[in-house]
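A short write-up of the structure that comes next.
Chain identifiers are assigned alphabetically (A, B, ...) following the order of the sequence lines, protein sequences preceding nucleic acid strands; residue numbering begins at 1 within each chain.
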Amino acid sequence: MPAVQETIDQVKAIDVDQYKYGFVTDIESEKGAKGLSEETVRFLSAKKNEPEWMTEWRLDALRRFQQMDEPNWARVSYPKIDLDDLYYWAAPKSVEGPKSLDEVDPELLATYEKLGIPLREQEILAGVEPKNRVAVDAVFDSVSVVTTFKDELRKAGVIFCSISEALREHPDLVKKYLGSVVPVTDNYYATLNSAVFSDGSFVYVPEGVRCPMELSTYFRINEQNTGQFERTLIIADKGAYVSYLEGCTAPQRDENQLHAAVVELVALDDAEIKYSTVQNWFPGDKNGKGGIYNFVTKRGDCRGKNSKISWTQVETGSAITWKYPSCILRGDNSRGEFYSIAVSNGYQQVDSGTKMIHLGKNTSSRIISKGISAGKSSNTYRGLVSAHRKATNARNFTQCDSLLIGQDCGAHTVPYIESKNSTAQFEHEATTSKISDDQMFYCLQRGMNEEEAVALIVNGFVKDVIQQLPMEFAVESQKLISISLEGSVG
Amino acid sequence: MLEIKNLHARIAEDETEILRGIDLTVKPGEVHAIMGPNGSGKSTLSYILAGKEDYEVTEGEILFNGENMLDMEPDERAAAGLFLAFQYPIEIPGVATMEFLKTAMNAQRKARGEDALSIPDFMKRVKEAAAHLNVSMDMLKRPLNVGFSGGEKKRAEILQMSLLEPKLCVLDETDSGLDIDALRVVSDGVNKLRSPNRAMIVITHYQRLLDHIVPDVVHVLSKGKIVKTGDKDLALELEKNGYADFIDAAA
């Protein structure tokens with residue numbers, strides 16, 4: 001269909017080893033001191049004019065972090081990251097507090113344009129239906145510089161702003177929910193993030209409100225040697241609904257970049273949150289040099305009864321992906337979903353999956369994971385499904401499919417299933433397949449070239465998950481998947 | 001249209017010789033049947049025409065409309081007008097038959113420097129061709145060949161053949177796995193595609209297919225060589241006496 005054709009055109013347009021988004025924007029940055037210390041944290045917190053309790057919260061996290069060891073259970077290997085060689089603060093200099101798009105550095109806007117972000121207001125004014133609009137909270141390095149659609153969201157009562165702003169404008173909400181899903185000491189990377197998180201998005205959808213548009217944040221790691229520590233907090237109050245899109249690209253470079261984000265979702269009674277990610281950070285070059293290290297903690301808490309949280313992710317980038325978007329099904333009748341496509345090529349290493357923790361009665365969850373490995377990459381699905389003693393009638397269905405392209409890649413499935421309640425019903429299905437020579441020959445005989453054939457077969461493989469994505473993300477995802485598998489055959 | 005000269009070929013992996021000097025000339029508008037016992041090299045010939053990697057041509061040449069076909073990749077041969085209806089059509093999970101048809105048609109059009117089909121134009125063509133072959137809309141929405149019955153698979157092959165409008169059709173045991181009714185539908189579909197500009201090579205074990213698709217020329221293949229060529233009556237003779245005479249002749 002059209003998306004497939006577009007995919008093919010995209011693949012054709014790209015030179016081998018030419019990472020599409022591999023450019024560095026020349027914007028002067030303001031940096032803090034290198035290294036991780038109490039001083040760094042205080043500097044960072046002061047720079048952001050944070051209240052005293054926040055500074056203390058960070059310092060507490062730092063002290064805990066200093067007692068922790070890096071985990072080594074994931075099926076990934078990489079040289080040790082020197083945390084003292086990183087900057088923990090960088091902000092584009094020219095954009096302190098712009099009031100509108102006019103005040104934004106044109107070069108920054110040009111960068112977004114290269115990335116195809118529909119940020120400029122004239123495009124919106126040009127007649128796009130309001131209900132189809134996508135609000136973009138643009139994150140450039142560490143500081144949110146532009147937030148559009150604020151007025152319309154405000155009319156609906158939705159708060160969508162940077163975490164920094166939320167700390168100033170809505171401190172009670174932040175204080176109440178920050179760290180309530182992912183505790184400060186949850187894991188090594190989350191604790192690091194708690195100490196030094198730079199910025200991120202904050203969303204609050206009040207009781208009974210259906211957020212009028214899909215909310216979207218684009219990330220971009222731009223400043224050399226800057227670890228980026230995003231912090232996202234989304235709260236859907238009783239009966240509220242919100243769909244949130246996250247898409248990422250990063251410029252090409254040799255040094256590895258650390259990214260350790262934390263995303264927390266809270267759904268109260270009858271609320272629903274849908275969180276979609278397209279992740280396309282630099283995966284490293286053809287020799288496995290460079291690339292982003294992506295250590296992310298994402299967790300949703302179905303805190304209220306009848307609440308629902310759904311994660312959908314398309315992971316094509318990063319040298320290392322360590323990521324397990326999870327759901328705590330606390331409220332009775334709550335539901336968690338995880339739909340994932342993880343593509344690895346070259347020397348990429350992916351260790352990703354989910355956790356579905358059933359605590360309440362009649363809770364249900366669904367996991368559909370599609371892993372595609374090519375080149376010399378390694379792709380691991382790691383998941384936990386557990387039912388607590390009180391989780392009567394818990395239900396889970398898990399399907400893990402792996403597709404291998406070529407001879408030198410690996411696919412692994414590591415499911416953990418724990419049930420402490422005899423009424424729980426958990427199902428697990430797993431398949432591993434290869435694009436067979438016969439399938440390739442059949443497609444070639446019908447006139448497709450090798451890239452077209454792989455794109456078609458792979459798109460068929462991931463179809464179940466692509467269907468879960470919002471329309472514009474679905475198209476972009478098919479493109480990304482094909483670009484990522486460029487050169488994997490023949 | 002097609003000229004095969006002294007073609008020798010073997011399995012690439014273990015160097016087993018399969019074809020031992022085949023000469024065959026097919027002109028536009030002609031339908032040639034190739035018959036022969038199991039293991040005579042019929043399917044190998046079809047795979048070599050289509051360019052499957054598992055085989056190695058050690059001697060001889062294949063000219064397709066004057067071009068050296070052995071220099072062409074499988075997709076180039078397809079775009080040049082060669083179609084192989086597979087004996088065992090391959091499953092493509094998750095890819096709707098309709099989507100596969102469109103991708104294939106547009107890939108060939110692109111290779112020939114033509115514009116992609118518009119959606120209405122594509123739909124019109126598919127609906128027309130599908131109606132002739134008793135292919136339902138529901139079947140077009142299902143993933144290609146996944147869970148298809150034997151008859152559905154063969155009809156899907158002929159549907160692709162009619163939409164791709166090839167110059168040379170190679171049908172590899174299209175009658176296998178078909179009951180009488182399905183055989184008639186498939187044969188009618190093939191006969192509709194007979195035209196003065198199009199040639200066909202029909203590979204089969206059995207005479208019964210040739211009652212429906214009446215060939216101009218019949219060849220008997222044995223041990224990698226064509227041992228006898230005749231008209232359609234040769235097929236009837238084979239049906240009566242079996243292959244024994246020819247196998248002995250080749251030995």
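Proximity to chain A at a heavy-atom threshold of 4.5 Å picks out nothing from residues 126-136 of chain B. Residues of residues 147-161 of chain B lying within less than 4.5 angstrom of chain A, judged on heavy atoms, are B:Glu157, B:Gln160 in numerical order. For residues 460-467 of chain A, a heavy-atom distance under 4.5 Å to chain B picks out A:Gly460, A:Phe461, A:Lys463, given by residue number.
With a 6.0 Å cutoff to the six-membered ring centre and a 45° limit on the axis angle, A:Arg446 counts as a cation-pi contact of A:Tyr442.
Taking the charged nitrogens against the carboxylate oxygens, A:Lys376 and A:Asp408 do have a contact shorter than 4.0 Å, which makes a salt bridge.
Residues B:Asp54 and B:Glu13 form no side-chain contact, since every pair of their non-hydrogen atoms from C-beta on lies 4.5 Å or further apart. In this structure the side chain of B:Val31 reaches within 4.5 angstrom of the side chain of B:Arg194, judged on heavy atoms. In this structure the side chain of B:Met35 never reaches within 4.5 angstrom of the side chain of B:His205, judged on heavy atoms. For the pair B:Leu24/B:His32, a side-chain contact is recorded, criterion being any heavy-atom separation below 4.5 Å from C-beta on.
Legend: residues meeting side chain to side chain donor-acceptor pair (under 3.5 Å) with B:Thr44, ordered by chain and number and at least two apart, are absent.
Only the side chain of B:Leu144 comes within less than 4.5 Å of a heavy atom of chain A; its backbone N, CA, C and O stay farther away. For a residue to count as touching a neighbouring chain, one of its non-hydrogen atoms must lie under 4.5 Å from one of that chain's; by this rule B:Ile92 touches chain A with backbone and side chain alike. For chain A, the nearby parts of B:Ala50 are the backbone and the side chain; heavy atoms of each come within less than 4.5 Å. Residue contact with chain A, scored on non-hydrogen atoms closer than 4.5 Å, is absent for B:Glu73. Residue B:Phe100 touches chain A through both its backbone and its side chain, counting heavy-atom pairs closer than 4.5 Å.
Put simply, of A:Asp437, A:Ile457, A:Asp438, the one with the most heavy-atom pairs under 4.5 Å next to chain B is A:Asp438.
Atom CG of A:Asp401 sits about 8.0 Å away from atom OG of A:Ser369, to the nearest 0.5 Å. How far OG1 of A:Thr321 is from CD of A:Gln348: 6.5 Å, rounded to the nearest 0.5 Å. Taken to the nearest 0.5 Å, the CZ atom of B:Arg198 stands 6.0 Å off from the CE atom of B:Met200.
Exactly one residue among A:Gln313, A:Lys323, A:Glu315, A:Arg382 makes a side chain to side chain donor-acceptor pair (under 3.5 Å) with A:Ser352. That residue is A:Gln313.
Looking only at atom types and distance, the side chain of B:Lys5 has no donor-acceptor partner in the side chain of B:Thr25 under 3.5 Å away.
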(request) Tell me, with the steps shown, if A:Lys274 and A:Gln468 meet side chain to side chain donor-acceptor pair (under 3.5 Å). (result) CA-CA 10 Å; A:Lys274 193 172 156 66; A:Gln468 298 296 329; 4.6 Å; no
(message) Working note: A:Trp311 + A:Phe338, criterion ring pair (Phe, Tyr, Trp, His ring centres under 6.0 Å); need CA distance, chi angles, decisive distance, verdict.
(response) CA-CA 5 Å; A:Trp311 298 98; A:Phe338 175 73; 8.2 Å; no
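Side chain of A:Asn379 to main chain of A:Ile372: a donor-acceptor pair is present (N/O by atom type, distance under 3.5 Å, no hydrogens or angles).
Few gaps surround OH on B:Tyr55; more than 12 heavy atoms of other groups in view lie less than 6.0 Å from it.
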